[in-house]
Amino acid sequence: MRDDLLRPRWRVPRQTAILPRTWMPIAVAAQTYVVAVIVFLVAWEVSSRAYGIPLLVPPVEVTFRKLVQLVKQGLLLRDILWTTGRVAVGFFIGSVAGATAGLAMGYWPIIRRMLEPYVNFFRFIPALAWISIVLLLLGTGEVARISIIVYTSVSAVLINTLAGIVSIPPAQLRAAQTFGANQSQIFSRVIFPGTVRYILTGMRLALGSAFMAVISAEMLVADQGLGFLVINARLWMAMDEALVGVIFIGLLGLLADRLFGYLVNRYAWRFYGGTGSEM
Amino acid sequence: MELASRRGRNDWIVAAVPAAAILLTWEVAAAATRARYGVPGPSHVLITWGRMIADGSLLADINVSLRRILVGFAIGSALGYTAGLLLGNFRALRRFCDPYIHFSRYVPPISLISLAVILFGIGENSKVFLIVYTATFMVLLNTIAGVHAIPTNRMRAARSFGAGTFQLFTHVIVPSSVSHAITGMRIAMGNAFATIVVAEMLAARSGVGFLIYNSYQYLDIDKILIGIFTLGLLGYLADLAMRRLDRSLARFRPLGF
């Protein structure tokens, strides 16, 4: 890789895998992560001692005890389930709606010409900017929070679906027409299969922004969820609780992303033409 | 069925129809129910918009939000690009940092707000910190990808022409990875807007996010909408600026770098 070439003496760079993604042996990976966690914990402990105010930078032990306490009370599990549930529902609705709208815009040019300027306008408005309007229209219940997630998911999936439709080579469409495919066959055999990988990329991005949106929404209006856990901790100056919340938000996002990548590689590989999904 | 994406001359007429229909319905409905609900129509929103620009209150909020974003964005991009070049080029360093990067990229910046406020206070610093965090990781990840996307033969070619390590760095690695870094900056800019809005709603007394949330508490629907549209406009302009930057930097990139 790159540092081979940075060495002053000329050397043929080591050939790594042909695939864009190299798989480190599991033992090396495990070792890397164990080392990373240990280094992190030591650095945390040292900075906590150096800072000298346990209330502001709580030591590892205090935070860990808080974690155990939150688990025992069942609060952590409750918050994780709420956050996951909201993301799952909003992400599902948003992805389906975004892909449907995107494909409809690809199928009927008139719809595309009608809607594209609006897509380009609304994509620059962050989802959470709508929260006041959403609260006024939909109340402060679950529907409001989920609709924010739906909004972020729709825009990410829709924009990527449109990009996918544009990317289909006109020659492919012409070839299909030459072979006598009718409009619906062109859609089901050319446009849709050619767009799936873009839809999946959009969904992966949407998953990330869905987590961002759900945490923000829970911070602003909610009584449960990891976002609520973190913002509530601020009221009590409970740094340890906030830290536990942040760590679990990160873990949850990581897990969801990996799960999505796994599912794509397992079930949608045929849409990638042998190049690998890079997920 | 249209084959390629053809752009018609009268595209805007087709696009304007739904907008006109929505605005008209909104105006009529608002006028009809004004006595009962007091929801402002589009004309009312426009008037308020003009008034807020005239008395400078909107510009003050924009100024505050933009300054937070730009300061954080500049620091974060510089940090991210530097770190990205280092991590992209030195495998040992990357292997050491990989777990942290992989974890941190899944932590939404806004979730750090409690920590930021407790550690940096409720002033500007906590907001700027969140934007720095937002920008750093996006730019970092994209710069690493950019360094890895440099074709090995390009490095080899530079080496065979006698480039030293420093020249390889300044003539190949930096110019080749700038475009990726700017892509990261574009995404980071979008995320920065998303972050600052919530941060200002939760912990600020100024800025466009505060305008939206504060107007909600007074039920000033026109001001809420003005805040939302202003954000959209700012986001669009920022994206435009990033695209311009990419294009103007492309001029200095020799031969398709």
Side-chain angles (χ1 to χ4, degrees), chain A residues 1-3 5-8 10 13 32-33 35-37 40 56-57 109-110 113-114 116-118 121-122 124-133 135-136 166 170 173-174 183 186 208-209 211-212 215-216 219-220 226-227 230-231 233-234 237 239 242-243 245-246 249-251 253-254 257, chain B residues 1-5 8 11 14-15 17-18 88-91 95-96 98-100 102-104 106-108 110-115 117-119 147-148 150 152 155-156 159 164-165 168-169 173 190-191 193-194 197-198 201-202 209 212-213 215-216 221 224-225 227-228 231-232 235-236 239:
Chain A
M1 306 230 272
R2 295 292 86 125
D3 46 351
L5 284 159
L6 273 181
R7 299 234 167 81
W10 165 254
T32 317
Y33 278 83
V35 169
V37 169
F40 175 70
L56 288 186
V57 184
I110 180 80
R113 276 193 277 159
M114 259 185 183
E116 208 168 10
Y118 300 100
F121 174 70
F122 283 111
F124 290 109
I125 301 179
L128 267 297
W130 290 105
I131 189 107
S132 310
I133 299 286
L135 290 178
L136 286 174
V166 173
L173 297 170
R174 290 203 194 100
Q183 206 161 317
I186 288 182
S209 21
F211 268 101
M212 207 163 145
I215 298 302
S216 311
M219 284 179 161
L220 288 164
L226 288 170
V230 170
I231 204 69
R234 192 183 69 178
M237 282 282 275
M239 264 308 251
L243 277 169
V246 169
I249 289 168
L251 286 178
L254 181 71
D257 188 71
Chain B
M1 158 168 277
E2 271 182 74
L3 287 178
S5 65
D11 262 8
V14 183
V17 170
N89 285 305
F90 301 106
R91 198 191 308 156
R95 200 167 277 174
F96 180 74
D98 239 9
Y100 306 114
H102 278 302
F103 177 72
S104 308
Y106 293 107
V107 176
I110 197 66
S111 65
L112 294 175
I113 191 161
S114 300
L115 309 184
V117 167
I118 294 175
L119 288 179
V147 172
H148 285 183
I150 303 172
T152 308
M155 309 272 279
R156 282 182 180 148
R159 273 286 188 225
T165 306
L168 193 65
F169 193 71
I173 296 178
N191 289 353
F193 273 96
V197 173
V198 185
M201 285 178 176
L202 285 166
I212 294 176
Y213 206 63
S215 309
Y216 166 66
I221 299 172
I224 298 176
L225 289 171
I228 293 173
L231 272 174
Y236 171 74
D239 195 64

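Both backbone and side-chain heavy atoms feed into the values below; hydrogens, waters and symmetry mates do not. A, B, ... follow the sequence lines: proteins, then strands. Residue 1 opens every chain.
Of the atoms belonging to A:L226, not a single heavy atom falls under 4.5 Å from chain B. Only the side chain of A:Y118 has a heavy atom closer than 4.5 Å to any heavy atom of chain B. Looking at B:I224, the atoms closer than 4.5 Å to chain A (heavy atoms on both sides) all sit in the side chain, from C-beta outward.
Atoms CD1 and CH2, from B:I228 and A:W130 in turn, are 4.5 Å apart once rounded to the nearest 0.5 Å. How far NE2 of B:H102 is from CG of A:D257: 10.0 Å, rounded to the nearest 0.5 Å.
Of the listed residues B:V197, B:I110, B:I113, B:L231, the one with more heavy-atom pairs under 4.5 angstrom with chain A than any other is B:I110. Across B:F103, B:Y213, B:F193, B:F96, the residue that shares the most heavy-atom pairs under 4.5 angstrom with chain A is B:F103. Of the residues considered (B:V107, B:L115, B:L119, B:L112), B:L115 shows the highest number of contacts with chain A, using heavy-atom pairs under 4.5 Å.
A search for side-chain contact (heavy atoms from CB on, under 4.5 Å) contacts involving B:S114 returns A:V230, A:I231, A:R234, A:A242, not counting sequence neighbours. Not counting sequence neighbours, the partners of A:F124 by the ring pair (Phe, Tyr, Trp, His ring centres under 6.0 Å) test are B:Y236.
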Original post:
Hey, mind stepping through B:N89 and B:H148 against side-chain contact (heavy atoms from CB on, under 4.5 Å) and telling me if it holds?
Top reply: CA-CA 8 Å; B:N89 285 305; B:H148 285 183; over 6 Å; no
